Amino acid sequence: MVITDKFVYIHMAKTGGTFVENVLSRLLSTRSRVYLDTATAEGRRQLPQLFYHSGMRRLPGRHRRKKILFTIRNPYDYYVSRYEYAAEYLPYGIFYGRRMKMLYPHYPRLTFAEYMEAINNWNLKVLRPRPDGQSFARLPAESNIGNMTWFFIQLLFSNPQKLIRNLDRCLDNGEQLKALPPDLHFIRTENLNRELYEFLLTIGHEPQELEFILRLGKIYPPEGGRVESQEWEHYYTPELKGRVRERDRLIFHMFPDYDV
């Protein structure tokens with residue numbers, strides 16, 4: 001999370017947030033009266049109740065009326081990015097190693113289909129306490145939501161359990177949109193340079209000070225990322241795409257053009 005004078009950036013993992021935070025630090029960290037990045041030691045010192053991927057529920061009240069910036073990614077692409085980001089599925093990562101070994105004797109070497117099965121099996125997840133109060137429970141499994149949707153709801157909605165429990169009814173009547181922050185701006189990972197540039201124009205920056213954003217290449221986390229040739233389309237069967245479409249139906253409902 002990055003808090004600035006005029007807006008707050010909420011960083012959902014694997015959506016281009018490293019790029020956004022790099023740009024914001026370069027542009028604003030020495031100019032803004034308020035600049036707090038929870039990825040830095042100073043940010044954590046001033047906001048000890050927050051962590052790197054905190055959401056709206058933990059945002060201090062004095063900042064809640066600001067614009068909210070959020071990066072969103074095609075769910076199909078998102079899961080491939082997580083799979084290729086090795087730290088997510090190594091033994092010391094998010095899974096219970098012993099349980100994984102029982103189901104997948106060759107773990108941590110998982111195929112993409114196996115990873116997708118495991119990442120949405122809530123009995124395999126390590127249930128670590130989190131400083132923002134998030135927790136994994138039976139509710140995601142009972143509501144048949146995907147891992148991406150779980151994090152999306154946790155980060156943006158003030159009452160995530162209520163929404164998850166009533167998700168299909170909310171999708172039918174459109175109620176889920178009413179619970180989103182009122183001044184919320186999505187920018188898409190696949191058009192990140194241009195849309196971040198255009199957002200920053202709306203809050204008063206001059207085009208000349210933003211031109212560098214349009215020229216920047218991809219910026220990966222220190223642990224790296226996948227190469228251009230690893231296109232997400234190569235990872236999916238029609239059946240696997242169908243399961244993502246069902247589990248992450250909220251995101252496809254809000255961004256129907258992602259369902260390709």
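Here the structure is a predicted model, which is why all the values come from computation and not from measurement. One is the number of the first residue; the rest follow in order along the sequence.
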Value rounded to 0.5 Å, distance of OH in Tyr236 from NZ in Lys241: 9.0 Å
Side chains of Glu246 and Asn144 only: does a donor on one sit below 3.5 Å from an acceptor on the other? yes
Listed partners of Asp257 passing side chain to side chain contact (heavy atoms under 4.5 Å, CB included), at least two apart: Arg188, Phe255
Side chains of Thr4 and Val8: does their closest heavy-atom pair fall under 4.5 Å? no
Taken in chain and number order and not counting sequence neighbours, the residues that satisfy side chain to side chain contact (heavy atoms under 4.5 Å, CB included) with Glu142 are Arg138, Leu139
Among all residues two or more places apart in sequence or in another chain, which pass the salt bridge (Lys or Arg N to Asp or Glu O under 4.0 Å) test with Arg98? none
Would you say Phe7 and Leu201 are hydrophobically clustered, going by side-chain heavy atoms of ILVMFWY under 4.5 Å? yes
Is atom CZ of Arg65 surrounded by more than 12 heavy atoms (other residues, nucleotides or ligands) closer than 6.0 Å? no
Between the side chains of Glu114 and Tyr83, does any donor sit under 3.5 Å from an acceptor? no
Set of side-chain hydrogen bond (donor to acceptor under 3.5 Å, both in side chains) partners for Thr202, sequence neighbours left out: none
What residues form a side-chain hydrogen bond (donor to acceptor under 3.5 Å, both in side chains) with Arg99, not counting sequence neighbours? none
List in chain and number order the residues that pass salt bridge (Lys or Arg N to Asp or Glu O under 4.0 Å) with Arg245, two or more places apart in sequence or in another chain; answer none if no residue qualifies. Asp259
What pairs with Asn22 under side-chain hydrogen bond (donor to acceptor under 3.5 Å, both in side chains), at least two apart in sequence or on another chain? none
Charged N to carboxylate O below 4.0 Å: is that the case for Arg26 and Glu209? no
Got a sec, which residues hit side chain to side chain contact (heavy atoms under 4.5 Å, CB included) with Lys162, two or more places apart in sequence or on another chain? Asn159, Asn166
Between the CG atom in Leu216 and the OH atom in Tyr197, the distance rounded to the nearest 0.5 Å is 13.0 Å
Salt bridge (Lys or Arg N to Asp or Glu O under 4.0 Å) partners of Lys67, counting only residues at least two apart: Asp183
Residue set satisfying side chain to side chain contact (heavy atoms under 4.5 Å, CB included) with Thr30, at least two apart, ordered chain then number -> none
Please tell me whether Tyr79 and Phe112 form a close aromatic pair, meaning their ring centres lie under 6.0 Å apart. no
Per the ring pair (Phe, Tyr, Trp, His ring centres under 6.0 Å) rule, what does the pair list look like for residues 154-182, sequence neighbours excluded? none
Is the distance between the ring centroids of Phe252 and Tyr76 under 6.0 Å? yes
Would a hydrophobic clustering, with Ile, Leu, Val, Met, Phe, Trp and Tyr connected at side-chain separations under 4.5 Å, put Met102 with Phe95? no
Of all residues at least two apart in sequence or in a different chain, which pass the side-chain hydrogen bond (donor to acceptor under 3.5 Å, both in side chains) check with Thr149? Asp248
